[in-house]
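Just so you know, these numbers come straight off a predicted model, no measurement behind them. Here is how names work: the chains are called A, B, and so on, in the same order as the sequence lines, proteins then strands, and each is numbered from 1. What you see below is based on every heavy atom in this structure, not just the backbone, and it leaves out hydrogens, waters and symmetry mates.
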6 protein chains.
Amino acid sequence: MKRNDGRTPTQMRPVSIKKNFIKHAEGSVLITVGETKVICTASVEEKVPPFLRDQGQGWVTAEYSMLPRSTHTRSQRESSRGKVSGRTMEIQRLIGRSLRTVVDLENLGERTIWVDCDVIQADGGTRTASITGAFVAVCLALKHLHKNKMIDFIPVKDFVAATSVGMLDGHKLLDLDYSEDSTAGVDFNVVKTGQGHFIEVQGTAEREPFSDKDMQEMLGLAGKGIKDLIDLQEKAIGKLD
Amino acid sequence: MKRNDGRTPTQMRPVSIKKNFIKHAEGSVLITVGETKVICTASVEEKVPPFLRDQGQGWVTAEYSMLPRSTHTRSQRESSRGKVSGRTMEIQRLIGRSLRTVVDLENLGERTIWVDCDVIQADGGTRTASITGAFVAVCLALKHLHKNKMIDFIPVKDFVAATSVGMLDGHKLLDLDYSEDSTAGVDFNVVKTGQGHFIEVQGTAEREPFSDKDMQEMLGLAGKGIKDLIDLQEKAIGKLD
Amino acid sequence: MKRNDGRTPTQMRPVSIKKNFIKHAEGSVLITVGETKVICTASVEEKVPPFLRDQGQGWVTAEYSMLPRSTHTRSQRESSRGKVSGRTMEIQRLIGRSLRTVVDLENLGERTIWVDCDVIQADGGTRTASITGAFVAVCLALKHLHKNKMIDFIPVKDFVAATSVGMLDGHKLLDLDYSEDSTAGVDFNVVKTGQGHFIEVQGTAEREPFSDKDMQEMLGLAGKGIKDLIDLQEKAIGKLD
Amino acid sequence: MKRNDGRTPTQMRPVSIKKNFIKHAEGSVLITVGETKVICTASVEEKVPPFLRDQGQGWVTAEYSMLPRSTHTRSQRESSRGKVSGRTMEIQRLIGRSLRTVVDLENLGERTIWVDCDVIQADGGTRTASITGAFVAVCLALKHLHKNKMIDFIPVKDFVAATSVGMLDGHKLLDLDYSEDSTAGVDFNVVKTGQGHFIEVQGTAEREPFSDKDMQEMLGLAGKGIKDLIDLQEKAIGKLD
Amino acid sequence: MKRNDGRTPTQMRPVSIKKNFIKHAEGSVLITVGETKVICTASVEEKVPPFLRDQGQGWVTAEYSMLPRSTHTRSQRESSRGKVSGRTMEIQRLIGRSLRTVVDLENLGERTIWVDCDVIQADGGTRTASITGAFVAVCLALKHLHKNKMIDFIPVKDFVAATSVGMLDGHKLLDLDYSEDSTAGVDFNVVKTGQGHFIEVQGTAEREPFSDKDMQEMLGLAGKGIKDLIDLQEKAIGKLD
Amino acid sequence: MKRNDGRTPTQMRPVSIKKNFIKHAEGSVLITVGETKVICTASVEEKVPPFLRDQGQGWVTAEYSMLPRSTHTRSQRESSRGKVSGRTMEIQRLIGRSLRTVVDLENLGERTIWVDCDVIQADGGTRTASITGAFVAVCLALKHLHKNKMIDFIPVKDFVAATSVGMLDGHKLLDLDYSEDSTAGVDFNVVKTGQGHFIEVQGTAEREPFSDKDMQEMLGLAGKGIKDLIDLQEKAIGKLD
């Protein structure tokens, strides 16, 4: 079975991570996964949200957005609609949770890292590319803090990366592009650590329910893809201590 | 290991489903899962959303809300804040997707079923109780349409019910109540069909990533609980054809 | 003259007040007036609004809402419309004012009682049922505070209850149900104290203006109904000191 | 007993109604009641709201607003707060209802009269001054339609005017100014027709409940004041047929 | 060439400035420019916005609005649309900037002057009339502060006034009314000081781009008009020290 | 006099225009002016806004936004604030007006070109860079329409580009970067055509009013810079017919 773009079912699209893409941000990357392109920045703010005040720990939070013409047909800006869509909220909550699981908030100090994931071109997998890129941006921001002697060590417990996997006409496919994603019967987003543990598993049957065995196979594929992503992250970030 | 309320790890809370709780609705239930109580209504509207117009099929959509004092401390109304929270949006999208997977939209006719899940008392598991109760409310509304000869048969492909499962201090627990949910390290919401297939799997590591094996055990527990819920749904709904 | 449901013009619908309906709230009732059902909760917050800060007194405020399918046809949620309707605002201001007139705010301490009136089933008279039920919920919350020694006595100056009255085809009717309310030419909401004094009188000619004499007769009817409601409140609340 | 401004308890403030104050509007007045000044315009739109479409009748609706510095201290604009307050909604609903009761909507034709009441200087009684002035503006707009042969006769069934009355230190006072209104224990807004019937009665005990007898005396005072206002309206409007 | 209303191309419309039009405001005027009428008030608040706190200086800010029926056909209220239009924002930013350039903020003390410009009748040039009138209202408010010994001298560095100028069918016209403004090919708003320097120049080619020479001639005309406006301001304000 | 980055007062920053930066859009560029980077896309929609329906002509409209971390310190997203700022509105209106003056709307057909200018890195001059880049994106989209035979010729009447100019410590400077812009006493944005005529002139005295002569010198500088920008646009666009 050949996919649209010639890939085998178990093959990811080409991935690149370009560091320091935005000069003002403490950490930033442009991550490219096939034709999907996301700018991820990590901004450090020297205060924490009200619910964490005076607890001696830090926070990581994320926002996600798509440029209006990142998609095939132009979509309306959320700022001009006056509210953020449910899809956007789900995605930014997912990115935030994933990062907070691996960042050592207790040792971050009383500061917030604001992560912004802005999709400039979309072709499927924008949320998983965002997580993968955002982790690198956060590490770069933490290295910046370390270099400026604001933290004693890089407070990161493990790596985190994400990919999607799905079922289409009975085939299990790794890293769905937009055309695959919009026709797949089952769609998983999987977030794992460098040590191979799960942080998030979100599987949805778009039309037909799936079995335990289907799930096992899909998660296996995802695990393999995430390993490769983490190798790329390591190269981009460099030494963490 | 004993739980707060005396349950064993693999035991669900007592569940009851009270039919026709709200007199105006075409279908309605009050579902009680331990101290969690949700009013689910299904309302039939004889038109479909714009994106489905003139396609000869129907639609199912859901809204979810909590009364301000359903929770331990009063929360602000979303109507007075002027916007719906990300959590609410996630939940209502999940309920809607779960129901649409089992309702035969092609044979529903050009009509929309609006499902409203209003939590009047919350003690954990409100989203899974909503799905379980909403399915019954939808079936009751469909029986009402059938009785009034608006549809030729009940357009339902399978049952659907949901429960939560989690890990707390190394123990795998079925059907978390609020105190367990807020301290669990891992938290899964699982939606399955009567035939034992998955519709949704949403697992989140709140603090510590989980292994493949942990996941398998938790999903096994959830499957067992969902079977029991589907037995209760069958009793509440009665004959479907 | 017989009414739809067999009542005489001067007869109220059956009323019941079920205490402690919601377990988390300091005070709560389910009030049922015919087919109208409202959950009223009273929540205690240990602070006052900014305009009362450091004045040594308390505050009572109310919010009102209808579940989407409490009505004959489903109405849109105010949270998804993003704003509260004028009707809702009028009603919650009325409930709040009525309660503040009888609660001894000076002796309540620097705390706020939040009253939530959520209509789960509507058949006319939801605002007056809300006032009648809310007063009981507030008294239960105050008894809770007293029992916990947070106040020395129950700071309530008098009882308060409310009902509606109207004119339909020349007849004066007590306690309008929805079908009567939507066809009446004149519609009064009346709020009175246990001592028989008025707190609010709101009379509206929907189509034909009314005379002084008509008003006198309607207010007389309302007074009789409110006396009965206050008897029921006394039974529900029990000893207040 | 002398009032602040030297009036007797039963005396209204000086009232003037200046016609055609805004040149673009079909009907407009500047109404002055003591130091309270309201611009009332009536604008004709040749269509009706959706719920009245194709029913061959017209509609009258009202909006009310205060300039930020019409009050003693500047208030924030509702447009910059992004929402209309409950008080504003109550008032504009009251104005609209009052006018619709006397305008013969069946004979207005399929058009809407938009009434705008903009308070440029406030000293109590802005809602009652708005009703009194708005009725004149509406009549002027109807005369304009009649002159342009768009209607065969002036579709008005009766006059309508409004005033306030209250209790302060045991005295019943007609036409409260701001300082009286903010200290009164009881406050009534009364809307009556030229024939002396009531359209609206809204009485509120701000602090102490009032008796039947108090109400009768206050309504008597209000009736007297409204008669005088209707005389002034007649002079401003001129011949109506 | 004669204009609609008989003016020559270089002639302004009649202008009047009526002082103390609104009694509660520290400073207020009704400015009339032809058929354009704007109420300008200046309100003093004894605090500054957060970004200026503890810097020992003051602030001037402006809001602008049009009554719904100030225009030929009624426009919707910004408060009922729930947001302020881009045009309104542009205008109120322009008014605020213009005033801040001539008010000596360092010597105003830690207070804010809120300027409200409310157009009650519109016939072109509302933003320039607002600036011209607002400056007078601000000076009157400052004189009020001075009289009450809250400031030692009137902290104003120069006068400021504004007018419009445009090109229509090849003619350069001073002070466009609405019919001219809506057909002009080029439209300038010019804000100048008493000393003849520019504060703002905003020129827009509505259809056809304009040359350097055209601009010079238009700015010359505007300068002449502004001189006359400043003479009128001086008369209205009286002695400033 | 040397500027921060070594430029002479009359020297622009290096400018580059990278075509087809976003693959889905009909026209797109990444424009870089010094450290300022803006993605401009032009999207074609085959309908016009309601006010132009059935008039046989087209429309061009623009939206502008900054990524949260395009700036030195992170700014809040307009979508999460729920409204678009006055500054953003001003800028997008300016971009739209500028483009509409040179596009031949009559010959565009009944379609809308949506222009999106998204600043990914900001260092002053984002609005003028947006106009300069947007014109190229629009031309590329028009060439795309022409190639697909949807229009008979490229409906563009002239080129348009923009730059800023200002006064700082008595020096007139071309093309202000952020540090210059935020300290300049006078700030002009100038939009001109290929033929050297003005489309917009917006000059603001931030602190000290400026003379006629100052303005002449600044506009001369701006004209020179715009000529160079138009040369670059011509190279990027290629043959227009």
Trainee: E35(A) versus chain F, heavy atoms under 4.5 Å apart: side chain, backbone, both or neither?
Mentor: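 Just its side chain gets close to chain F.
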
Trainee: Less than 4.5 Å to any heavy atom of chain F: does that hold for the side chain of S70(A), its backbone, both, or neither?
Mentor: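 It is the backbone, since no side chain atom gets that close.
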
Trainee: Under 4.5 Å from any heavy atom of chain F, what part of T41(A) do you find: side chain, backbone, both or neither?
Mentor: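 When you check distances to chain F, only side chain atoms of T41(A) fall under 4.5 Å.
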
Trainee: Ignoring hydrogens and angles, state whether a donor on the side chain of E78(F) or S85(F) is under 3.5 Å from an acceptor on the partner side chain.
Mentor: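 Side-chain D/A pair, E78(F) to S85(F): present.
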
Trainee: Contact part of D118(A) toward chain F, heavy-atom cut-off under 4.5 Å: side chain, backbone, both or neither?
Mentor: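 Just its side chain gets close to chain F.
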
Trainee: Please state whether the side chain, the backbone, both or neither of T88(A) comes within less than 4.5 Å of a heavy atom of chain F.
Mentor: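 T88(A) has no heavy atom closer than 4.5 Å to chain F.
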
Trainee: Using 4.0 Å as the upper bound for N to carboxylate O, is an ion pair formed by E110(F) and K47(F)?
Mentor: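 Answer for the salt bridge query: no.
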
Trainee: Side chain, backbone, both or neither: which part of I22(A) has a heavy atom under 4.5 Å from chain F?
Mentor: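 For I22(A), backbone and side chain are both near chain F.
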
Trainee: At what distance, to the nearest 0.5 angstrom, does CG of D181(A) lie from CG of L168(A)?
Mentor: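 It comes to 10.0 Å.
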
Trainee: Do T36(F) and Y178(F) pair up side chain to side chain, a donor and an acceptor below 3.5 Å, judged on atom types alone?
Mentor: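 No, because no side-chain N or O of T36(F) sits under 3.5 Å from a partner of the opposite role on Y178(F).
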
Trainee: Of the backbone (N, CA, C, O) and the side chain (C-beta and beyond), which part of I120(A) lies under 4.5 Å from a heavy atom of chain F, both, or neither?
Mentor: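 Both parts, backbone and side chain.
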
Trainee: Taking every heavy-atom pair that is under 4.5 Å apart, which of L67(A), D123(A), T73(A), I39(A) has the most such pairs with chain F?
Mentor: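 Result: the option with the highest number of such pairs is L67(A).
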
Trainee: Check this for me, if you would: do R13(F) and D175(F) make a salt bridge, where the nitrogen-to-carboxylate-oxygen distance has to be below 4.0 angstrom?
Mentor: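 Yes, charged N to carboxylate O under 4.0 Å.
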
Trainee: Going by distance alone, is a donor N or O of one side chain under 3.5 Å from an acceptor N or O of the other, for E63(A) and W114(A)?
Mentor: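 No pair is found: no donor N or O on one side chain lies under 3.5 Å from an acceptor on the other.
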
